[in-house]
Every structure is written in C-alpha cells, then in structure tokens.
Amino acid sequence: MKQTYALAIHGGCGNVVRGRFNEEQEQAYLKTLQESLRNGQQILEEGESALQAIESAIRILEDSPLFNAGRGSVFTHLGTHEMDASLMDGNRRRAGAVTGVKRLRNPISAARSIMEHSSHVMLAGAGAEAFAEQQGLEFVTPDWLFDQTRWDQYQKALGENRQFMDHASDDQKYGTVGAVALDRHGNLAAGSSTGGITNKKHGRIGDSPIIGAGTYADNATCAISCTGEGEYFIRDVTAHRVSALMEYAGNNLSEAAANAMKSLEQIGGHGGFIGVDQSGNIVMPFNTQGMFRGSVSEDGKLFVKMYEEV
Ligand code: ASP
C-alpha cells in the first residue's frame, strides 16, 4: 500500500504576539513558510526522501533574512556570526552536524555532507568549513549574512550587557528553523539550523547542532526539531526524550510531546518543537507566546501559523 507523506516546519518561537508585526511583515513570514512547505511537499510528492525534503525546506528558510539561520543570523558578542545545524536520517539513525560556522550559505547542507561523505557526525568551525570547501559547498561573506535588525538587536544587547534569548523579552529575535518529514517509503528525517542567540559568547553551542537535544529521528518512533533556549534543551535532551517516551513508555506521539514539554518546563525551559511519526501525525507544542510553524500532508492541506491562536 502506498504510504502517505507529511512535512512540518518551524521558524522559531518566542514573543510572537499580535500587534508586534504589521500586515506586510506577517505576510512576508507566512509567505516564506508556505514557500518552504511547498518546496518540501513537491519533493515528497515525487517519492523522494524525507531527508531531501527537510534539507530543501530548511535551505529556503536559511536563505531568508526573516529567520535566524543562514542569512539573517544573529550576532555573537564579538559581532560575528556562528551558525549551528544538524540533521538526522531516521532510517539508519545516521546524523550530521556543524557548529560555529561563519561563512557557509547553507549550514544544513554542510551537516548533510558530513553525514554522507565523512566518517564523522559533527565538525566545528574552521574544520567544518574546510570540509565544506572540499565538498564544493557555497561560501558567502559576512555582508551577505548581515541583517540590520539583527545588528540593532546586537547593539542593544551589548549596551545592556545581556544575551537575548528568543523567549524572554520584547527584544527577542525570532527564528531558528527546522523541518521534520515522513516520506512515502516510511522514512523519517529531522533537521535544525540556527544563528543561536544574540550576544552569545564566542564558542557557545546551543541545542540545534546536538543530536538528541535539538534534532532526532528514528523510523521506529518519530522525527523532532526543537527551538527555544538551547541550554535547557541540551540539559533535558528534548528531541530524544520524545522518541524515548514512545519507545520505552509506550506513549503515542502527542502523549510523548506533552510529557517532554512538561519535563522541559520542570527545569524552567522555554521553547517548542515540531514532530512527525510513522503515520504522518504531526505535533507542534510550545510554551512561548507563538511559534512560526506550518505543515502539509498528502491530503494537500497546508497550513501556516505564527500566533498561539489560529
Ligand atoms: N535553540 C537555539 C539555540 O539555543 C535558539 C532558538 O531556537 O531560537 O541556539
């Protein structure tokens, strides 16, 4: 019997409330989310892999300055970009990740290259970039990655000697991105990509490139991509926790998602995640005011949302 397919994406979460964005900005966010979903859907429709779909959907979000990943990434304390990304193939639980890259147009593609063309899972900084160069991946300059809004946020954070977590104040930036998918062959995949948090210390690594924390996929359970205060997701091993609850506690995806959110909240974490299981069920829990998100499945129903309510 022909398997169904499903795809969900997120563009980060935080103080995403009505009145914060004008009509034009709202439309720009929703349009880019739709474009990313349509792109991934086409790939799944044609019977290609979940891995291909999530990489491609994430590349569109990385290329948009609206989201905090690739172009439009936030600034570190030193005024530089340090981007993180990872992806995982639920089929054989293969994974790839990069951390602290400064010059790559699409960190998610570097993560995939590491998974497919090296014997490693994660490469950092200059070593990751050297590998990406050998693989022929595209490099960009800091000017290309620059976004004025991110720079203004960085200046404010520096002035106040604070780090802007997405999820704490009016000054939040928005937008770590991620995608999860089920393909027609029954394979699950997940990926996440981010610039991290504004005014982070040079060398700080969040959850997004850490397999099990920000990203996880296993065909036997689910595929998960997280967004939020990375330090908490690392401590709670959130993405893998959802999978483990399904595997060991017999939870279904929505029970596992609710239990993982409860666990995150117990340690004071803010954020959310997207998840999909073998039947194409999708979850998108978050405990912030909003989350840029969307999904599409074989029945053709596509939706995108940013606020808590519809
Ligand atoms: N989780 C990301 C990090 O901590 C940030 C985010 O999702 O906005 O680097």
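We count ligands from 1, going down the list as the structure has it; atoms in each ligand are counted the same way.
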| If Ile, Leu, Val, Met, Phe, Trp and Tyr residues are connected whenever their side-chain heavy atoms lie under 4.5 Å apart, and connections chain through other members, are I114 and M122 in the same group? | no
Under 3.5 Å between any N/O of [X] and any N/O of ligand 1: does that happen in this structure?
X: T194; result: no
X: D207; result: yes
X: E231; result: no

| said: Tell me the contacting part of S208 for ligand 1: side chain, backbone, both, or neither, using a 4.0 Å heavy-atom threshold, strictly below. | reply: side chain
Residues [X] and [Y]: side-chain donor-acceptor under 3.5 angstrom:
X: T215; Y: S86; result: yes
X: S56; Y: N39; result: yes
X: H10; Y: S225; result: yes

| Is E82 close to K102 at the side-chain level, that is, under 4.5 Å between some pair of heavy atoms? | yes
| query | To which of M83, K200, R204, E229 does the heavy atom nearest atom 4 (O) of ligand 1 belong? | reply |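 Shortest heavy-atom distance from atom 4 (O) of ligand 1: R204.
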| request: Using atom types as modelled and distance alone, determine if a side-chain donor or acceptor of R71 lies under 3.5 Å from a backbone N or O of W144. | output: yes
| said: Here's one to test your reading of the geometry: is the NZ or CZ of K305 within 45 degrees of the ring axis of F303 and under 6.0 Å from its centre? | reply: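 Yes, cation above the ring, under 6.0 Å and within 45°.
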Considering only heavy atoms of [X], which atoms of ligand 1 have at least one such atom less than 4.0 Å away?
X: T176; value: 2 (C), 5 (C), 6 (C), 7 (O), 8 (O)
X: G228; value: 1 (N), 2 (C), 3 (C), 4 (O), 5 (C), 6 (C), 7 (O)
X: T227; value: 6 (C), 7 (O), 8 (O)

| said: Using heavy atoms and a 4.0 Å limit, tell me yes or no: is G196 in contact with ligand 1? | reply: yes
